[in-house]
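Working notes, structure below.
The structure displayed is predicted, hence computed values, not measured ones. Computed over heavy atoms, backbone and side chain alike; hydrogens, waters and symmetry mates excluded. Throughout, numbering of the chain's residues begins at 1 and tracks the sequence.
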Amino acid sequence: MDNDSNNRPVAIGPWQRLSSECRYRNPWIEIWHDEVITPGNTAGIYGRVHFRNRAIGIVPLDDDGFTWLVGQYRYALDAYSWEIPMGGAPEGSTPLQAAQAELREETGLQAQDWQMIQTLHTSNSVTDEVGYVFIARQLQQGDACPEPSEDISIRRLPLAEAVSWAMDGRITDAISVAALLKVWLMQQGAAP
């Protein structure tokens with residue numbers, strides 16, 4: 001993502017990146033400051049957030065049409081949030097491996113049948129975050145084992161009710177809303 005080794009501008013579609021500097025880095029994100037020439041041929045700056053993990057979301061679905069939501073307080077929002085089970089896929093793991101681990105960790109569920117149904121970009125004007133959404137079926141209940149930093153609630157409810165939560169604003173997480181609506185449409189035969 002940086003300029004080439006000779007410090008020449010790099011074409012990024014219709015943009016030109018003149019320089020790029022990482023201003024902050026932690027185990028989860030990097031924040032980059034770029035000097036650019038815009039598609040309108042004007043000088044500018046661009047701030048980019050690079051996610052070091054990929055986002056993973058899971059819609060567990062049992063034979064009775066129920067799903068599970070996870071509730072937790074989100075520090076960055078300063079608000080409580082209901083979401084599908086989700087987490088990050090670190091380097092060295094596949095999205096499926098991470099999804100299996102997250103579902104087990106947050107809900108105690110294990111699934112025999114996995115289907116990836118979506119790839120999402122969560123805030124593509126300033127981040128490169130990629131999210132993968134799975135449906136998990138043929139579920140078996142075990143014990144949840146959340147990370148020490150997590151204080152989560154688990155709720156099993158009909159898929160139709162979870163979709164209502166997404167539609168009326170009780171669920172605001174973008175991956176959760178997109179995933180629940182996609183699964184609902186798939187269940188109705190209205191989506192591939």
Side-chain angles (χ1 to χ4, degrees), residues 1-13 15-38 43-60 68-109 114 116-134 136 143-154 171-180:
M1 288 200 170
D2 296 329
N3 290 12
D4 71 16
S5 59
N6 296 321
N7 205 27
R8 292 179 294 200
V10 174
I12 309 293
W15 296 75
Q16 290 285 320
R17 182 181 299 146
L18 304 176
S19 66
S20 187
E21 178 185 356
C22 183
R23 299 273 177 98
Y24 176 80
R25 176 180 286 128
N26 69 28
W28 304 280
I29 64 169
E30 297 173 351
I31 300 176
W32 291 82
H33 175 84
D34 297 349
E35 300 287 333
V36 299
I37 301 295
T38 71
I45 60 171
Y46 212 104
R48 295 181 290 119
V49 179
H50 167 66
F51 281 77
R52 300 179 81 175
N53 294 324
R54 291 146 300 156
I56 303 298
I58 307 103
V59 179
W68 281 253
L69 296 178
V70 175
Q72 62 186 309
Y73 199 85
R74 289 297 191 181
Y75 178 85
L77 297 177
D78 190 16
Y80 198 82
S81 178
W82 283 100
E83 306 158 1
I84 62 174
M86 61 176 45
E91 289 181 16
S93 70
T94 67
L96 177 58
Q97 290 168 330
Q100 292 167 332
E102 284 297 331
L103 183 62
R104 186 172 46 254
E105 174 190 305
E106 292 189 352
T107 66
L109 293 169
W114 289 86
M116 190 172 86
I117 61 166
Q118 275 180 309
T119 302
L120 303 166
H121 295 103
T122 59
S123 185
N124 63 5
S125 65
V126 294
T127 78
D128 64 358
E129 185 177 38
V130 177
Y132 299 94
V133 176
F134 293 85
D143 294 326
C145 52
E147 294 178 8
S149 64
E150 295 177 318
D151 181 15
I152 61 176
S153 300
I154 302 167
I171 296 175
T172 60
D173 171 70
I175 292 175
S176 297
V177 171
L180 289 167

Open item on the list: Do S93 and R54 make a side-chain contact, defined as non-hydrogen atoms from C-beta onward lying under 4.5 Å apart?
Closed with: yes
- [ ] Apply side chain to side chain contact (heavy atoms under 4.5 Å, CB included) to W68 and L103, showing your working.
- [x] CA-CA 10 Å; W68 281 253; L103 183 62; over 6 Å; no
Task: Considering all heavy atoms, the nearest N26-W28 contact - done: OD1-N, 2.7 Å
- [ ] Would you please test W82 and V70 for side chain to side chain contact (heavy atoms under 4.5 Å, CB included) and show each step?
- [x] CA-CA 6 Å; W82 283 100; V70 175; 5.7 Å; no
TODO: Would you name the heavy atoms of S176 and M86 that are closest together and state the gap between them?
DONE: OG-CE, 3.5 Å
Open item on the list: Using 0.5 Å steps for rounding, measure from the CG atom of L18 to the CD1 atom of I45.
Closed with: 12.5 Å
- [ ] Evaluate whether atom OH of Y75 has more than 12 neighbouring non-hydrogen atoms of other residues, nucleotides or ligands under 6.0 angstrom away.
- [x] no
TODO: Could you go through the side chain to side chain contact (heavy atoms under 4.5 Å, CB included) check for E83 and L69 one step at a time?
DONE: CA-CA 5 Å; E83 306 158 1; L69 296 178; over 6 Å; no
Open item on the list: Quick check for you: to the nearest 0.5 Å, what is the distance between L180 atom CG and I175 atom CD1?
Closed with: 11.5 Å
TODO: Give the minimum heavy-atom separation between P60 and L109, together with the two atoms involved.
DONE: CB-CD1, 3.9 Å
TODO: Measure the NE2-SG distance between H33 and C22 for me, rounded to the nearest 0.5 Å.
DONE: 12.5 Å
Task: Main-chain N/O of D78 paired with Y73 side-chain donor or acceptor, under 3.5 Å - done: yes
Open item on the list: Tell me whether E91 is salt-bridged to R52, with the criterion being a basic N under 4.0 Å from an acidic carboxylate O.
Closed with: no
Open item on the list: Show, in sequence, the C-alpha distance, side-chain angles and deciding distance for R48 and D34, and conclude whether the side chain to side chain contact (heavy atoms under 4.5 Å, CB included) test is met.
Closed with: CA-CA 8 Å; R48 295 181 290 119; D34 297 349; 2.5 Å; yes
Task: Closest non-hydrogen atom pair, A99 against I58 - done: O-CD1, 3.6 Å
Task: L120 to A178 - nearest heavy-atom pair and separation - done: CD1-CB, 4.1 Å
Task: Spacing of T107 atom OG1 and I152 atom CD1 [to the nearest 0.5 Å] - done: 8.0 Å
TODO: Hey, can you tell me if W15 and Y46 have their rings parallel, tilted or perpendicular (30° and 60° cut-offs)?
DONE: perpendicular
Task: Short side-chain to backbone donor-acceptor contact, S81 and Q72, under 3.5 Å - done: no
Open item on the list: Counting only heavy atoms not in D151 (residues, nucleotides, ligands), do more than 12 fall under 6.0 Å from its CG?
Closed with: no
- [ ] With W32 as reference, evaluate E21, R23, R25 under the side chain to side chain contact (heavy atoms under 4.5 Å, CB included) test and give the passing residue.
- [x] R25
Task: Closest contact, heavy atoms only, A98 versus I56 - done: CB-CG1, 3.9 Å
Open item on the list: Please tell me whether E129 and T127 have a donor and an acceptor in their side chains that are separated by less than 3.5 angstrom.
Closed with: no
- [ ] Report, as yes or no, whether the 6.0 Å neighbourhood of atom CD1 on I29 holds more than 12 heavy atoms from other residues, nucleotides or ligands.
- [x] yes
